[in-house]
Amino acid sequence: MANPRKFSEKIALHTHRQAEETARFEQIMKEVSDATARVQPERNAKYVLGVNSNENLGSFQGGSLPNVSAGGPTIKTSHNADMP
Amino acid sequence: MANPRKFSEKIALHTHRQAEETARFEQIMKEVSDATARVQPERNAKYVLGVNSNENLGSFQGGSLPNVSAGGPTIKTSHNADMP
Amino acid sequence: NLGGGGNEDQARKREMRLLKNREAARECRRKKKEYIKCLENRVAVLENQNKALIDELKSLKELYCQQKGD
Amino acid sequence: NLGGGGNEDQARKREMRLLKNREAARECRRKKKEYIKCLENRVAVLENQNKALIDELKSLKELYCQQKGD
DNA sequence: TGCGGCTGACGTCAGCCCAA
DNA sequence: TTGGGCTGACGTCAGCCGCA
């Protein structure tokens, strides 16, 4: 149950967990952003509207999508974090 | 370079990254704990001294150590988190 | 038809089993490879989320200490 | 000794190659299995760190809002 | 309970890539 | 440049476990 035997079940389990964790992650990030928006109006001004969600894909980007970064496991959640 | 071919190099790379991330993780947790220690003296009182580091093992617990949890990948960082 | 026919049927059944297992092995290797990529991608995602959370926690801590100093 | 001796030497060399590659394949499979366990363990560790960071961020956010309300 | 689907482990072939 | 170390992929055997 906790450790399935079939690979498809393992993939489905990890995909499900990752979806839940990403949801909680984006939720807490939005909450903190809203809480600190008044004292820092210039901080997320140009980043918070860039979360159109096309970079932190939920699954493993396997099969289709040969683009996006074209270099193996290098995804980047891109919540205004690590931006040169 | 970024994606080695040998499995041993991949393992060494992931072990190194995990060590660095764990160091930064424990550092920021300690900083926040110290910053909020005055207004919350009872919060970490019984947990902060429990970081003797024997549970969040850095490597993959593979090979030796058939104990600790004896059930595959179920490690738990145990920084007063998820404690029933 | 108990001698040669039975042997021929057994041979056909064995060949069918080998063929089935052959294709199953191919699909199994493909799924395993996909599972490994899934794990690697999951590690990368969690890595970036950890970095972002640590940065946000650091910023909020600085804000908290700054406001606590008043 | 160009005929049978050469064939025997080739046969020995081939056998040596097969033996070497056999042991190498065993070690490679072992390392691959170890790598998968490494990834799974890394995912579990990052998972718990993410949970702890989110909890800490949530607590600090509540503290910040509470102190900001004054 | 037995059968069939998946997977673990093995040996072999082919190919990549780096140090002689 | 090339021989040898590792790894990817294949087919086969053995074994587990869910399902008819």
Side-chain angles (χ1 to χ4, degrees), chain A residues 1-17 59-66 70-74, chain B residues 1-17 59-66 69-74, chain C residues 6-44, chain D residues 5-44:
Chain A
M1 174 280 212
N3 208 20
R5 185 163 159 264
K6 294 174 64 62
F7 285 136
S8 56
E9 298 178 3
K10 292 187 178 187
I11 294 177
L13 187 59
H14 278 280
T15 302
H16 190 68
R17 290 183 184 176
S59 186
F60 58 97
Q61 74 163 338
S64 311
L65 300 176
T74 320
Chain B
M1 173 277 225
N3 206 21
R5 186 164 156 265
K6 293 175 62 64
F7 284 136
S8 55
E9 297 179 4
K10 292 186 178 186
I11 294 177
L13 188 60
H14 278 280
T15 302
H16 189 68
R17 290 182 184 177
S59 186
F60 56 98
Q61 73 163 336
S64 310
L65 299 175
S69 68
T74 319
Chain C
N7 290 342
E8 286 185 5
D9 283 347
Q10 284 186 357
R12 294 174 188 174
K13 286 188 177 181
R14 168 181 169 81
E15 206 65 28
M16 274 300 168
R17 279 172 43 194
L18 290 185
L19 176 60
K20 279 274 186 179
N21 189 255
R22 210 176 311 167
E23 300 173 357
R26 270 199 292 265
E27 200 63 18
C28 185
R29 285 192 296 266
R30 183 179 177 180
K31 285 292 178 183
K32 188 172 187 177
K33 186 177 175 182
E34 182 177 324
Y35 173 61
I36 294 178
K37 285 191 177 181
C38 171
L39 286 179
E40 290 175 342
N41 174 67
R42 182 157 167 68
V43 165
Chain D
N7 290 341
E8 287 185 4
D9 284 346
Q10 284 186 357
R12 292 174 189 176
K13 286 187 177 181
R14 168 180 167 81
E15 207 67 28
M16 276 299 168
R17 279 172 41 192
L18 290 184
L19 176 61
K20 280 274 186 178
N21 189 254
R22 209 177 310 167
E23 299 173 357
R26 270 198 292 265
E27 199 64 19
C28 184
R29 284 191 296 267
R30 183 179 177 180
K31 285 291 178 184
K32 187 171 187 177
K33 186 178 175 181
E34 181 177 324
Y35 173 60
I36 294 179
K37 285 191 177 181
C38 170
L39 285 178
E40 290 174 342
N41 174 66
R42 182 157 168 68
V43 165

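Just the heavy atoms: all of them, side chains too, but no hydrogens, waters or symmetry mates, feed the values below. All chains are named by letter (A, B, ...) in the order of the sequence lines, taking the proteins before the strands, and each is independently numbered beginning at 1. Since the structure is predicted, the reported quantities are computational estimates derived from the model, not experimental observations.
- Taking atom CG on Asn3(A) and atom P on dC16(F), their separation rounds to 17 Å, with Å as the unit.
- dT7(E) atom C1' lies 14 Å from atom CD1 of Ile11(A), rounded to whole Å.
- Note: Lys33(C) NZ to Lys37(C) NZ = 5.0 Å, rounded to the nearest 0.5 Å.
- Atom pair Lys10(A):NZ and dC6(E):P shows a separation of 15 Å (rounding to whole Å applied).
- Counting distance only, with no hydrogens placed and no angle test, the side-chain atoms of Arg29(C) and the base atoms of dG8(E) include no donor-acceptor pair under 3.5 Å.
- Closest-nucleotide positions on DNA chain F for Lys31(D) and Glu23(C) were compared, and the one nearer the 5' end corresponds to Lys31(D).
- Taking the nucleotide of DNA chain F with the nearest heavy atom to each of Arg14(C) and Asn21(D), the more 5' of the two is matched to Asn21(D).
- One finds a side-chain N or O of Arg22(C) lying less than 4.0 angstrom from the OP1 or OP2 phosphate oxygen of dT12(F).
- Remark: P of dT12(E) and CE of Met16(D) are 14 Å apart, rounded to the nearest angstrom.
- Atom pair Lys32(C):NZ and dC10(F):P shows a separation of 14 Å (rounding to whole Å applied).
- Taking CG of Asn3(A) as the reference point, atom NZ of Lys10(A) lies at 5.0 Å (rounded to 0.5 Å).
- Classification of the His14(B)-Tyr35(D) ring pair by plane angle, with boundaries at 30° and 60°, yields tilted.
- Straight-line distance from the CZ atom of Arg30(D) to the C1' atom of dG5(F): 18 Å, rounded to whole Å.
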Pair Val43(D), Arg17(A) - check side chain to side chain contact (heavy atoms under 4.5 Å, CB included), show working.
CA-CA 11 Å; Val43(D) 165; Arg17(A) 290 183 184 176; over 6 Å; no
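- With distances taken from any side-chain atom of Leu18(D) to the nucleotides dC6(E), dG11(F), dT12(E), the minimum falls on dT12(E).
- Here Glu34(D) contributes atom CD and Ile36(D) contributes atom CD1; the two are 11.0 Å apart, rounded to the nearest 0.5 Å.
- Between Arg17(C) atom CZ and dG4(E) atom P the separation is 9 Å, expressed in whole Å.
- On a pure distance criterion of 3.5 Å, no polar donor-acceptor pair joins the side chain of Arg26(C) and the base of dC10(F).
- Summarising the geometry, the separation between NZ on Lys6(A) and C1' on dC19(F) is reported as 13 Å, rounded to the nearest angstrom.
- Residue contacts shown for Lys33(D) are limited to sugar-phosphate atoms, with no base heavy atom under 4.0 Å away.
- Checked by distance alone, Arg5(A) brings a side-chain donor or acceptor within 3.5 Å of a matching partner on the base of dC16(F).
- For Glu27(C) and Glu15(D), each mapped to the nucleotide of DNA chain E holding its nearest heavy atom, the one lying further toward the 5' end belongs to Glu27(C).
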